[in-house]
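Only one structure is covered here, and it is reproduced in the block below.
Values below: every heavy atom of this structure, side chains too, minus hydrogens, waters and symmetry copies.
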Amino acid sequence: MTSTPWVDARQYDSRSARADPPDRTAADGLLTALLRQPAGQLTPSVYETGRLVTLAPWLRGHDQRLRHLVDHQRADGGWGAPEGYALVPTLSAVEALLSTLAAGRPAGVPRDELRAAARRGVAALSGWLGTALRMSVPDTPAADLIVPTLVDAVNGHLRGLDDQPDPRWLPTTAPLLLPAGMDRRRLDALRGLLAAGRPVPQKLLHALEVLGPAARHRADVVPVVGAVGASPAATAAWLGEPGGTTDPSVAYLEEAVQRHDGPVPCCTPISVFERSWVLANLARAGLRARPAPSLIAELTAALGPEGTPTGPGLPADADTTSVTLYALARAGHPVHPASLIRYEQDGHFCTWPGEDGRSVTTNAHVLEALGWHAGRSAADGDPAARRLLRLARWLREQQHPDGRWCDRWHASPYYATSCLVMALDRYAPAAVAAESVDRAVDWVVGTQRADGSWGRWSGSREETAYALHVLLGVSRPVRPGVAESARRGVAYLSATTGRQDDPPLWHDKDLYAPVLIVRSAVVAAQHLAAARPELAGPAPTGRRTLSS
C-alpha cells in the first residue's frame, strides 16, 4: 500500500479554525486559568524550599516548609527525580535540616523526625559523593555554583556536630566530595570577580543565594517588583532579616509562599513564559484560542528591543522571546522579530549572550518565529529566509543517531523532539527536514511503552502528549506503525484523565512542572487526535485509514 500524505500544516490550521473544535472548552478553560493566576502555576521546588528554610526562618510558613521536606523524602533518603537530578534538591534539603537542628529553633516538626530525615539524607549523599565513583550532575542552571556551595555547607554542619551538647545522633561520615567532572573554578571566579568590585552578572541573579552573606543588600542588585532574579531563594539571600512589613521584597516572598502554603517554586512570577507557551501549544495543534485583549496587550508590552525575559529581574532570552512572538503572530497580533537578531551566532541562536552551552529547543522556537514572519514577507531575499535555512541545517546536525533530540531545558527527549519536529516540518525546506522528521517519527514509534504511553523514567501524560504531537502534527507521509502507535497513545491519555502524578521534567535549579503549559500540551494532543476519528478504533471496512 502507498502512504497518504498528511494535510499541510497551514491548511490543517485553517480547516480547524472554521470548525468548532471539540477541545474548545478545555482551551477556554486554560485561558481563564491564565488570567485567574497571573503569576503562573508551578510545582513547588525542594531546592528552593530548602533554601528558604535556611535563609528565611522568620518567613511565614516555615513549619510547613520543613514538613514539606520531610514528607517528600524518597525511600532511599534522597529527594527529587532519578539519576543525577536528585543531587541538588537532596543537598538543599539536607543542609536545611542540619541548619535547623544546629540552630535549635522550635519547629512544628518533631526534632526526632528532622534528625531521621537528615540521617537518611546524609547517608544518600555519602553514597553518591563519598567514593571515587561519584554521581554526575545534569546540565541544570547554576549547578556548578550551587553544588560546591552546598557541599561545603553540609560538610561544615557535619564537622560541627562534634560540638553539639546532645549525644551524637549521626554516624561519622567522610566529607562529601564534588560530583564527577565538577570543580570549584567557576564559583571561585565569581567570588574573585565580586571581590574586585565588579557587579553580579545579571544571568547569575537567579542563583544569588550561592554568595552566602555577601549577597545581603548588595548595592549592585536592584530587586524588580521586590524580586531578585525572579527567585524566592535569591530574594531571601539579598534581603537577610526583613527591614519591615512594607519592604517590597518581603511582600514578594509573602506572596510566593502563599500559593503553596509554605513551599515555593524556583521561579516566580512566570506570566509571559506561561501565557506564551500555552497559546503556542494550542496554535501548533490548530486550536485557535480566543485570548482576552488584556492578555494580548500584556504579552505585546513585554517585548522590548532585546525581547522579553521569563520573569522579573532575569535577562531577556531568545527562548521566551521567540515563543511570545510566535504566540502573538498566531493569535493575529504579529510583532516583527527584529529583537531576535541580537541572539544570532554562527548558524544558530544563543538563549542569551554569554550562554554556557546551546539549546536546540530555543533554536526550534526561533525557527518558528522567523519562519512565520518569512512565510508572510513579500520581499525577495529576506534575511529571515536565509537565516531559516542555516538554522534548519544546524538543527538537523544536532539530531541523535537514533532520531531523537535532547535539550538543556527539559529532562525528556520527547519534549525536545516534539519542538524540533513541529518547527522543522512547518518552517524548513523539505529537502533539509524530511529525513530528520521521518527518523524522529520512527524513534517515537519504537520507544512506546506497553501501556501506550511514552516517558523517560515512566509513562507520563506530558511526554505522551509530546509523542502524539510528533505522530499527528506533521505533514510528512505516514510512517509504518504510526496509526496503531497513535491509537494506543490516545487511549492512554483517555484512560488517565484526571491523573496528576506526572513527574516534574522542566529544568531550573531543580526540576519543576509548569502546570498550565503541561495541560495545554495534553489538550493540543487530544485536539490533533480528535481531528482524526479513525484513531478512536479500527476503521470500517473500505475506508481509508492513516495507514492506508
Problem set entry | Exam field: side chain Asp319 to backbone Thr351, donor-acceptor pair closer than 3.5 Å | no
Seminar exercise, completed: For Leu303 and Leu325, the nearest pair of non-hydrogen atoms, with its separation, is CD1-CD2, 3.8 Å
Exercise. In chain order, what residues pass the side-chain contact (heavy atoms from CB on, under 4.5 Å) check against His260, with sequence neighbours excluded?
Worked result: Pro44, Pro263, Pro265
Exercise. Sequence neighbours excluded, which residues qualify as side-chain hydrogen bond (donor to acceptor under 3.5 Å, both in side chains) partners of Glu397?
Worked result: none
Exercise. Have Thr268 and Arg259 got a donor and an acceptor in their side chains that come within less than 3.5 Å?
Worked result: yes
For this session: Rounded to the nearest 0.5 Å, what's the gap from CZ on Arg519 to CG on Asp502? Could you check?
Result: 12.0 Å
For this session: Would you name the heavy atoms of Ala233 and Leu55 that are closest together and state the gap between them?
Result: O-CD1, 3.7 Å
For this session: Keeping the roles fixed (side chain from Arg134, backbone from Leu178), state whether a donor-acceptor pair exists under 3.5 Å.
Result: yes
For this session: Could you list all the ring-ring contact (aromatic ring centres under 6.0 Å, His included) pairs where at least one residue sits in residues 385-407, not counting sequence neighbours?
Result: His348-Trp394
For this session: Could you tell me whether the side chain of Ser99 and the main chain of Glu95 form a donor-acceptor pair under 3.5 Å?
Result: no
For this session: Indicate yes or no for a side-chain donor-acceptor contact from Ser271 to the backbone of Pro38 under 3.5 Å, with no hydrogens or angles considered.
Result: yes
Exercise. Side chains of His469 and Val421: closer than 4.5 Å at any heavy-atom pair?
Worked result: no
Exercise. Would you say the side-chain atoms of Lys509 and Ser92 include a donor-acceptor pair closer than 3.5 Å?
Worked result: no
Seminar exercise, completed: Correct closest heavy-atom pair for Ala96 and Leu69 would be CB-CD1, 4.0 Å
Exercise. After noting the C-alpha distance and the side-chain angles of Leu42 and Trp506, does the key distance pass the side chain to side chain contact (heavy atoms under 4.5 Å, CB included) rule?
Worked result: CA-CA 10 Å; Leu42 295 177; Trp506 295 66; over 6 Å; no
For this session: For the pair Arg387 and Ile341, evaluate side chain to side chain contact (heavy atoms under 4.5 Å, CB included) and give the outcome as yes or no after the intermediate values.
Result: CA-CA 10 Å; Arg387 290 188 179 94; Ile341 305 310; 3.5 Å; yes
Problem set entry | Summary of salt bridge (Lys or Arg N to Asp or Glu O under 4.0 Å) pairs that have at least one residue in residues 410-421, sequence neighbours excluded | none
Seminar exercise, completed: d(Asp139 CG, Asp356 CG) to nearest 0.5 Å is 8.5 Å
Exercise. With Asp183, which residues qualify under side-chain hydrogen bond (donor to acceptor under 3.5 Å, both in side chains), at least two apart?
Worked result: Arg185
For this session: Just jot down the side-chain hydrogen bond (donor to acceptor under 3.5 Å, both in side chains) partners of Asp76, sequence neighbours excluded, or say none.
Result: Arg74
Exercise. Side-chain donor-acceptor pair under 3.5 Å between Glu48 and Tyr512, yes or no?
Worked result: no
Less than 3.5 Å apart, which donor and acceptor atoms pair up between the side chains of residues 305-313 and the rest of the protein, not counting sequence neighbours?
{"from": "Thr308", "atom 1": "OG1", "to": "Ala302", "atom 2": "O", "distance (Å)": "3.3"}
{"from": "Thr310", "atom 1": "OG1", "to": "Asp317", "atom 2": "OD2", "distance (Å)": "3.4"}
{"from": "Thr310", "atom 1": "OG1", "to": "Thr320", "atom 2": "OG1", "distance (Å)": "2.8"}

For this session: Can you see which heavy atom on Gly121 is nearest to which on Thr90, and at what distance?
Result: O-CG2, 4.4 Å
For this session: Taking atom types as modelled, find out whether Ser359 and Asp407 have a side-chain donor-acceptor pair closer than 3.5 angstrom.
Result: yes
Exercise. Just how far is it from atom CG of Leu114 to atom CZ of Arg67, taken to the nearest 0.5 Å?
Worked result: 8.0 Å
Problem set entry | Under 3.5 Å: donor-acceptor pair, side chain of Arg65, backbone of Arg60 | yes
Problem set entry | His365 side-chain N/O to Thr361 backbone N/O, donor-acceptor pair under 3.5 Å | yes
For this session: Please step through side chain to side chain contact (heavy atoms under 4.5 Å, CB included) for the pair Leu208 and Ser231, ending with a clear verdict.
Result: CA-CA 9 Å; Leu208 188 71; Ser231 161; over 6 Å; no
For this session: Mind checking the CD1-CD1 spacing from Ile270 to Ile517? Nearest 0.5 Å is all I need.
Result: 5.5 Å
Exercise. For the atom pair CG (Leu367) and CG (Leu340), what is the distance rounded to the nearest 0.5 Å?
Worked result: 11.5 Å
For this session: Identify, with sequence neighbours excluded, every residue that meets side-chain hydrogen bond (donor to acceptor under 3.5 Å, both in side chains) alongside Gln399.
Result: Ser436, Arg439
Problem set entry | Where at least one partner belongs to residues 222-234, residue pairs that pass salt bridge (Lys or Arg N to Asp or Glu O under 4.0 Å), sequence neighbours excluded | none
Exercise. How would you list, by chain and number, every residue that makes a side-chain contact (heavy atoms from CB on, under 4.5 Å) with Pro503, sequence neighbours excluded?
Worked result: Ser460, Leu505
For this session: For Trp58 and Glu241, indicate whether the former's side chain and the latter's backbone hold a donor-acceptor pair under 3.5 Å.
Result: no
Problem set entry | Check: Ala411 main-chain N/O paired with Arg456 side-chain donor or acceptor under 3.5 Å | yes
Problem set entry | Trace of the side chain to side chain contact (heavy atoms under 4.5 Å, CB included) decision for Glu344 with Arg390 | CA-CA 11 Å; Glu344 188 172 18; Arg390 292 196 299 269; 3.1 Å; yes
Exercise. If only atom types and distance count, is the side chain of Asp510 paired as donor or acceptor with the main-chain N or O of Tyr47 below 3.5 Å?
Worked result: yes
For this session: Output yes when Asp188 and Arg184 qualify as a salt bridge under the 4.0 Å nitrogen-oxygen rule, no when they do not.
Result: no
Exercise. Just by modelled atom types, is the Ala117 backbone N or O under 3.5 Å from a matching donor or acceptor in the Gln73 side chain?
Worked result: yes
Exercise. Can you check whether Tyr415 and Trp409 have ring centres sitting under 6.0 Å from each other?
Worked result: no
Exercise. Taking only residues two or more places apart in sequence or in another chain, which ones pass ring-ring contact (aromatic ring centres under 6.0 Å, His included) with Tyr85?
Worked result: Trp457, His507
Problem set entry | Where at least one partner belongs to residues 178-236, residue pairs that pass ring-ring contact (aromatic ring centres under 6.0 Å, His included), sequence neighbours excluded | His217-Trp238
Exercise. Which atom names give the shortest non-hydrogen contact between Ala433 and Leu424, and what distance separates them?
Worked result: CB-O, 3.5 Å
Problem set entry | Closest non-hydrogen atom pair, Arg404 against Cys406 | NH1-SG, 3.0 Å
For this session: Would you check if Leu279 and Leu299 make a side-chain contact, meaning some heavy-atom pair closer than 4.5 Å?
Result: yes
Exercise. Which distance, rounded to the nearest 0.5 Å, do you find between the CH2 of Trp443 and the OG1 of Thr417?
Worked result: 4.5 Å
